[in-house]
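Written out below as structure tokens is the structure these notes cover.
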Protein chains: 2
Amino acid sequence: MRIGELATKTGVSVRALRYYEEQGLLTSARSSGGQRHYLDDAVDRVYLIQMLYAAGLSSRTILDLLPCVDAKVNTPQSRAMLRAERDRIDRQITQLRQARERLDAVIALSESPASGCTRADTDAAVA
Amino acid sequence: MRIGELATKTGVSVRALRYYEEQGLLTSARSSGGQRHYLDDAVDRVYLIQMLYAAGLSSRTILDLLPCVDAKVNTPQSRAMLRAERDRIDRQITQLRQARERLDAVIALSESPASGCTRADTDAAVA
DNA sequence: CTTGTCCCTCACGTGAACGTCAGGTTCTAC
DNA sequence: GTAGAACCTGACGTTCACGTGAGGGACAAG
């Protein structure tokens with residue numbers, strides 16, 4: 001498939017896909033005219049990249065991790081890197097949970113009858 | 001206290017504190033000479049701001065949320081906003097968990113004896 | 001009254017992950 | 001073979017949360 005199709009399939013912009021290739025995260029075959037062509041598994045690859053971006057990893061870190069995910073590299077260093085990133089994500093989850101609890105407390109307070117809001121207000125907010 | 005002390009107490013840079021004030025997230029009294037002075041509760045305020053930044057909220061969103069947290073604003077709109085941000089954080093946590101599980105699977109694979117690494121390798125990576 | 005440290009306000013620099021033109025080529029369909 | 005859609009390569013623009021000087025006041029100590 002060409003880049004436009006991959007973009008619509010994954011919901012990622014064409015520019016982003018070219019950027020991923022620029023960063024070495026995604027590879028493509030080229031037609032005689034220079035156009036990029038992708039295999040079907042590129043879709044999963046893009047999803048994985050997006051997932052790691054969403055987890056707060058940088059392009060550089062993803063670039064380092066991908067060979068491990070592909071099981072092409074398996075050294076003590078690579079395993080240490082994997083664990084380090086997993087732990088970083090764990091810490092981030094903890095932080096997010098704290099923020100979530102904090103917001104939840106505020107929400108509970110703001111929706112309690114004593115806070116001066118009426119039931120109608122609350123219903124209107126839901127609608 | 002002055003800005004330097006607040007910075008060291010919170011572990012946030014002086015520049016960041018001034019930036020928070022610029023964004024309307026933090027207020028300060030000024031001395032006759034124009035220097036910022038903070039009350040003790042500014043420390044908690046900064047921690048809260050940092051927590052919300054860590055949760056991926058923008059300055060603008062934090063600016064909108066803070067009056068709710070301070071229980072100074074409690075409208076249907078503000079409650080809807082609080083819930084929206086909480087839900088966003090929930091989704092982010094879900095994404096992070098997925099990424100974490102994915103990494104965990106890779107780690108389990110890379111550390112399994114069948115993957116071609118020796119026990120000594122594994123121990124070395126831990127050290 | 002000077003020294004040193006802290007503080008002030010501009011204001012430009014930064015890095016990441018793209019967005020967005022410009023100008024030109026390739027592919028598809030009729 | 002020609003129109004139009006999709007694609008190409010630069011290359012500059014954007015946003016955010018600050019970093020980093022430049023140049024100059026504020027304030028406690030001696």
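Letters A, B, ... are given to chains in the order of the sequence lines, protein chains preceding strands, and every chain is numbered from 1. These numbers come from the heavy atoms of this one structure, side chains and all, not from hydrogens, waters or symmetry mates.
Partners of B/R36 by salt bridge (charged side-chain N to carboxylate O under 4.0 Å, His left out), not counting sequence neighbours, listed by chain and number: B/E21. With sequence neighbours excluded, no residue forms a ring-ring contact (aromatic ring centres under 6.0 Å, His included) with A/Y38. Annotation: salt bridge (charged side-chain N to carboxylate O under 4.0 Å, His left out) contacts of B/D90 (sequence neighbours excluded): A/R100.
Note on B/R18: a base of the nucleic acid sits closer than 4.0 angstrom, heavy atoms only.
Of the residues in residues 19-30 of chain A, A/Y19, A/Y20 come within less than 4.0 Å of DNA chain C through at least one heavy atom, sorted by number. Near-neighbour residues of DNA chain D inside residues 51-67 of chain B, defined by a heavy atom below 4.0 Å, number-ordered: B/Y53, B/L57, B/S58, B/S59.
Under the 4.5 Å side-chain criterion, counting only non-hydrogen atoms from C-beta, B/Q35 is in contact with B/R2.
To the nearest 0.5 Å, atoms CD1 (B/I49) and OG1 (B/T10) are separated by 9.5 Å. How far CZ of A/R97 is from CG of B/L96: 10.5 Å, rounded to the nearest 0.5 Å.
The interatomic distance linking B/I49 (CD1) with D/dC18 (C1') rounds to 14 Å, in whole Å. For the pair A/Y38 OH and D/dC7 C1', the interatomic distance rounds to 11 Å; values are reported in whole Å.
Between A/R36 and D/dC8, a side-chain N or O to OP1/OP2 separation shorter than 4.0 Å is present.
The pair B/R91-B/D87 fails the salt-bridge criterion, with no side-chain N (NZ, NE, NH1 or NH2) lying under 4.0 Å from an Asp/Glu carboxylate O. Ion pairing between a basic and an acidic side chain is recognised when a charged N comes within 4.0 Å of a carboxylate O; A/R83 and B/D104 show no such pairing. With salt bridges taken as basic N to acidic carboxylate O contacts below 4.0 Å, one links B/E5 and B/K9.
Checked options A/L39, A/D40, A/V46; the residue passing with A/L6 is A/V46 (criterion: side chain to side chain contact (heavy atoms under 4.5 Å, CB included)).
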Base versus backbone protein contacts along nucleotides 19-30 of chain C [heavy-atom cut-off under 4.0 Å; B, S, -]: BB-----SS---
